[in-house]
Amino acid sequence: MSATPFLPFTRPSIDEATVSGVAEVLRSGWLTTGTHCRAFEAALSAYFGGRPVRVTNSGTAALELGLALCDIGPGDEVITTPLTWAATGNVIARRGARPVFVDVDRRTRNIDLARAEDAISPSTRAIMPVDLAGLPVGREALYDFASSYNLRVIEDAAQSMGANSNGRRIGSAGDLVSFSFHANKNMTCGEGGCLVVSNEAEAARCERLRLQGMTRDADMNMEIEEISGKFNMTDIAARIGLGQLSALDGFNARRHELARRYFTTLEPSLGLEMPVADFEQSNWHMFQVLLPLEKLMISRGEFIRRMLALGIGIGVHYPVTHLFAAYRRLGWKDGDCPHAERIGARTVTLPLFPAMTDADVKRVCESLAMVVREAAR
Ligand SMILES: *Cc1c(COP(=O)(O)O)cnc(C)c1O
């Protein structure tokens, strides 16, 4: 009997041209921010319809820069979703502002803008929505909401590279848009990110804030008007990103095919709650189902262990932010965002990445069916 190979929940696809491109950068004598970062920014800008783009060393950094560009700080409130990677709430809190968590829509699992009205206060300055799993928050409703309360928008589009809202590519319109090129995202630099801004003045400020707030004149005199940190990308990472960007549309097309296959192969009788079957706008960053835990004799943890024993990696994205200890100390508690809490407690991420085969999807579905049937009450 041959051992079944392990199937992770995600894995990046890096082509050989990118591998040798990185080797060239390593031999070039210049590793930090340089010509490859500028080339990557130009390619990203073209992808986003010509808007100015600045690359960063992470998606988190791009979000922090976005908040800094909006001058968000102590005393300010930023509306966001609790059903996201911890970075979203953390960047707001780290600027000294208060993250205000609004519950999600049960179906889309994204921030429920109808509820966001109740979260508005005189201190509300901005909204930071997240396109969970690559399913975009509707941008028309989002910007209608933002303009009626005079809010800046920092789109946490970390997961929605290549997705669109009503035919409009995410990043090609709107206020500030932040992306992540973390190793698990639809395209990667290893670690990296970028911020799409509105005009060249904002881009220039972003560039200063990206590296200590420093400016230099022609005589190499240095000046700092605004203190900042270190958020710049390396040319090594940018070279990976350039290779990934040209493959992105192909990656996303394959993700769509695999997601469709999950919909046709997963048995409805298992009682899983499925994601929205959106093949127009989503980039299918993740395929997430909710386990019918009340009908099972096992916990989510045990489900994950049993899948692992069958050679299948399962992810959890995400436990809700507002119930982490540090956020409870800010006053958040159980029941504040009931839909998000319910989803966060039972969501599992099934394997989905471009190099997966159709047979892999079948194997995941069969293993999942076996584990759920065996555990049924
Ligand atoms: C990945 C991610 C981030 C952070 O990106 P990093 O590159 O890991 O810093 C922020 N928000 C969301 C929703 C993410 O998925």
Side-chain angles (χ1 to χ4, degrees), residues 60 62-132 135-160 165-166 168 170-171 173-178 195-198 202 318-324 326-344:
T60 307
L63 289 173
E64 286 203 41
L65 288 171
L67 289 165
L69 289 176
C70 297
D71 299 304
I72 305 273
D76 296 333
E77 292 182 359
V78 180
I79 291 176
T80 191
T81 170
L83 195 62
T84 177
W85 173 232
T88 316
N90 282 355
V91 289
I92 299 167
R94 276 170 52 77
R95 293 259 341 146
R98 180 172 177 80
V100 176
F101 297 104
V102 167
D103 204 3
V104 300
D105 177 90
R106 249 188 102 132
R107 201 181 61 91
T108 64
R109 304 169 188 170
N110 283 330
I111 191 166
D112 184 348
L113 291 172
R115 274 170 220 277
E117 310 256 340
D118 302 334
I120 293 283
S121 89
S123 305
T124 312
R125 297 279 317 283
I127 178 167
M128 189 181 277
V130 173
D131 304 317
L132 188 69
L135 178 69
V137 171
R139 294 304 195 261
E140 278 149 44
L142 172 67
Y143 281 92
D144 281 351
F145 176 82
S147 62
S148 48
Y149 294 100
N150 203 14
L151 307 179
R152 292 296 303 258
V153 181
I154 303 118
E155 300 180 22
D156 183 351
Q159 303 186 1
S160 49
S165 175
N166 241 330
R168 245 192 175 173
I170 301 303
D175 195 350
L176 300 169
V177 190
S178 167
L195 186 69
V196 184
V197 300
S198 297
E202 216 166 41
Y318 299 92
V320 287
T321 308
H322 68 286
L323 297 184
F324 289 131
Y327 286 87
R328 285 181 185 271
R329 286 198 291 273
L330 295 175
W332 298 93
K333 56 185 191 312
D334 299 88
D336 281 343
C337 299
H339 292 321
E341 289 166 31
R342 178 177 175 278
I343 295 166

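These numbers come from the heavy atoms of this one structure, side chains and all, not from hydrogens, waters or symmetry mates. Just so it is clear, the structure is predicted and the values come from calculations on it, not from any experiment. Throughout, residue positions are numbered sequentially from 1 according to the sequence presented.
The nearest pair of heavy atoms linking Pro99 to Ile92 is N-CG2, 3.6 Å. Heavy-atom minimum distance, Arg95 versus Pro74: O-CD, 3.6 Å. Summarising the geometry of Thr60 relative to Ala87, their closest heavy-atom pair is OG1-CB, 3.6 Å, with the distance given to 0.1 Å. Between Ile120 and Phe145 the shortest heavy-atom distance is CD1-CZ, 3.8 Å. Listed here is the closest heavy atom pair of Ala119 and Val100: CB-CG1, 3.8 Å. Pairing each heavy atom of Ala157 with each of Ile170, the nearest pair is CB-CG2, 3.7 Å.
Here the rule is side-chain contact (heavy atoms from CB on, under 4.5 Å) with Arg98, and of Val78, Leu330, Asp76 only Leu330 fits it.
In this structure, Arg152 contributes its side chain and Ile72 its backbone to no donor-acceptor pair below 3.5 Å. The backbone N or O of Cys337 sits less than 3.5 Å from a side-chain atom of Glu341, completing a donor-acceptor pair. Under the 3.5 Å distance criterion, the side-chain polar atoms of Glu155 are left unmatched by any main-chain donor or acceptor of Gly171. Within the 3.5 Å criterion, the main-chain N or O of Glu117 finds no donor-acceptor partner in the side chain of Tyr149. Of the possible donor and acceptor atoms, none in the side chain of Asp156 sits under 3.5 Å from a partner among the backbone N and O of Leu63.
Salt-bridge formation is not detected for the pair Asp118/Arg115: no Lys NZ or Arg NE/NH1/NH2 atom is positioned less than 4.0 Å from an Asp or Glu carboxylate oxygen. For Arg106 and Asp112, the salt-bridge test fails: no basic side-chain N is under 4.0 Å from an acidic carboxylate O. By the 4.0 Å N-to-carboxylate-O rule, Asp103 lies too far from Arg342 to be salt-bridged with it.
Contact of the His339 side chain with the Asp105 side chain is not registered, since no non-hydrogen atoms from C-beta on lie closer than 4.5 Å. Side-chain contact between Leu113 and Ile127: present, with at least one pair of heavy atoms (C-beta onward) separated by less than 4.5 Å. In this structure, the side chains of Thr84 and Thr321 come closer than 4.5 Å at one or more pairs of heavy atoms. With contacts defined as side-chain heavy-atom distances shorter than 4.5 Å, the pair Leu142/Val153 qualifies. Between Thr80 and Phe101 the shortest side-chain heavy-atom distance falls below 4.5 Å. Looking only at side-chain heavy atoms (C-beta outward), Ile111 and Ile79 come within less than 4.5 Å of each other. Two residues are said to be in side-chain contact when any heavy atoms from C-beta on lie closer than 4.5 Å; Asp131 and Arg139 meet this criterion. Two residues are said to be in side-chain contact when any heavy atoms from C-beta on lie closer than 4.5 Å; Tyr327 and Val320 fail this criterion.
Heavy atoms of other residues, nucleotides or ligands lying less than 6.0 angstrom from CZ of Arg328 number more than 12.
Using cut-offs of 30° and 60° for the angle between ring planes, the Trp332 and His322 rings count as perpendicular.
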message = As a quick check of understanding, evaluate side chain to side chain contact (heavy atoms under 4.5 Å, CB included) for Trp85 and Val130, giving each step before the final call.
response = CA-CA 9 Å; Trp85 173 232; Val130 173; over 6 Å; no
Report task. Dump the intermediate steps for side chain to side chain contact (heavy atoms under 4.5 Å, CB included) on Leu67 and Glu64, then the final yes or no. Result -> CA-CA 5 Å; Leu67 289 165; Glu64 286 203 41; 5.6 Å; no
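Note that CG of Leu176 is 9.5 Å distant from CE of Met128, once rounded to the nearest 0.5 Å.
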